Amino acid sequence: QRQLVESGGGLVQPGGSLTLSCKASGFPFRDYAIGWFRQAPGKGREGISCIQSDGGEKRYADSLEGRFTVSKDNDKKTAFLQMKRLEPDDTAVYYCAAHREGNGFCPVGKIWPDEYINWGQGTQVTVSS
């Protein structure tokens, strides 16, 4: 069964840091670009990052202002999202997913949720004092 499982979320104070993990099973993880998304209460799902299958290219939403860093360890079948200088507006459920094309590349332009498959269950990140 093709599966992605997110972990690492939690409660953090404003200005703090968290690193999320996305563990894959059941498909050739090293062949796929991985996207990260988040969904805040009452809002739609927002694409925030994409990393190429070999980790060579990384794309980020402009709204992140350089605070997040994505990485990928193909040997461990795991992707990571390192988040720094967290703000209350970063509070959301965070998801990872594999790009549906399976060619390993991140699409040009905006990171659209509809282009991704094998969604995990998400991990909650709450930024609050």
Side-chain angles (χ1 to χ4, degrees):
Q1 181 181 357
R2 300 170 66 102
Q3 192 173 16
L4 290 166
V5 179
E6 303 93 340
S7 62
L11 174 64
V12 62
Q13 292 187 342
S17 301
L18 275 177
T19 298
L20 306 182
S21 299
C22 170
K23 175 73 173 178
S25 61
F27 69 98
F29 180 74
R30 64 176 63 250
D31 292 343
Y32 283 80
I34 297 297
W36 283 95
F37 303 82
R38 65 185 181 184
Q39 188 164 14
K43 296 187 177 180
R45 194 162 294 187
E46 175 191 15
I48 57 176
S49 180
C50 178
I51 183 168
Q52 188 172 300
S53 59
D54 64 358
E57 182 183 28
K58 303 171 185 179
R59 296 182 179 270
Y60 299 95
D62 291 341
S63 61
L64 299 182
E65 299 176 329
R67 297 181 295 118
F68 291 9
T69 302
V70 64
S71 59
K72 193 173 186 269
D73 186 331
N74 286 328
D75 291 335
K76 295 182 178 179
K77 298 184 179 180
T78 304
F80 302 95
L81 183 68
Q82 185 180 21
M83 307 183 293
K84 298 181 179 180
R85 303 194 306 278
L86 285 162
E87 305 167 355
D89 283 348
D90 294 317
T91 295
V93 178
Y94 283 72
Y95 301 88
C96 62
H99 192 266
R100 67 187 182 193
E101 296 295 334
N103 61 11
F105 296 104
C106 292
V108 175
K110 193 171 180 179
I111 302 164
W112 294 104
D114 288 349
E115 296 181 357
Y116 290 79
I117 58 174
N118 302 127
W119 291 85
Q121 83 290 347
T123 186
Q124 176 71 47
V125 172
T126 302
V127 184
S128 175
S129 56

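Throughout, numbering of the chain's residues begins at 1 and tracks the sequence. Keep in mind that what you see is a predicted model, and the values were worked out from it rather than measured.
The other residues sharing a hydrophobic cluster with Phe29 are Leu4, Val12, Leu18, Leu20, Phe27, Tyr32, Ile34, Trp36, Ile48, Ile51, Tyr60, Leu64, Phe68, Val70, Leu81, Met83, Leu86, Tyr94, Val125, Val127, where clustering joins ILVMFWY side chains under 4.5 Å apart. Through direct or relayed side-chain contacts under 4.5 Å between Ile, Leu, Val, Met, Phe, Trp and Tyr, Phe37 connects to Val93, Tyr95, Ile111, Tyr116, Trp119.
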Pair Asp54-Lys72, salt bridge (charged side-chain N to carboxylate O under 4.0 Å, His left out): steps then yes or no: CA-CA 8 Å; Asp54 64 358; Lys72 193 173 186 269; over 6 Å; no

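Nearest heavy atoms, Gly104 versus Ala33: O-CB, 3.7 Å. Between Ala92 and Arg38, the shortest heavy-atom contact is CB-CB, 3.8 Å. Nearest heavy atoms, Ala61 versus Gly47: CB-O, 3.6 Å.
Around the NZ atom of Lys23, the shell of radius 6.0 Å holds more than 12 heavy atoms that belong to other residues, nucleotides or ligands.
For the atom pair CZ of Arg85 and CG of Asp90, the computed distance is 10.5 Å after rounding to the nearest 0.5 Å. Interatomic distance, Ser17 OG to Gln82 CD, rounded to the nearest 0.5 Å: 7.0 Å. Asn74 CG to Lys76 NZ: the interatomic distance, rounded to the nearest 0.5 Å, is 12.0 Å. Distance check: Leu11 CG to Gln124 CD gives 9.5 Å after rounding to the nearest 0.5 Å. The distance from atom OG of Ser71 to atom NZ of Lys58, rounded to the nearest 0.5 Å, is 6.0 Å. Distance SG/Cys22 to CZ/Phe80: 9.5 Å, rounded to 0.5 Å.
Every pair tested for side chain to side chain donor-acceptor pair (under 3.5 Å) that includes a residue from residues 100-114 fails, sequence neighbours excluded, so the list is empty.
Taking 4.5 Å as the limit, every side-chain heavy atom of His99 sits out of range of all side-chain heavy atoms of Cys50.
Side chain of Gln121 to backbone of Glu6: a donor-acceptor contact under 3.5 angstrom is found.
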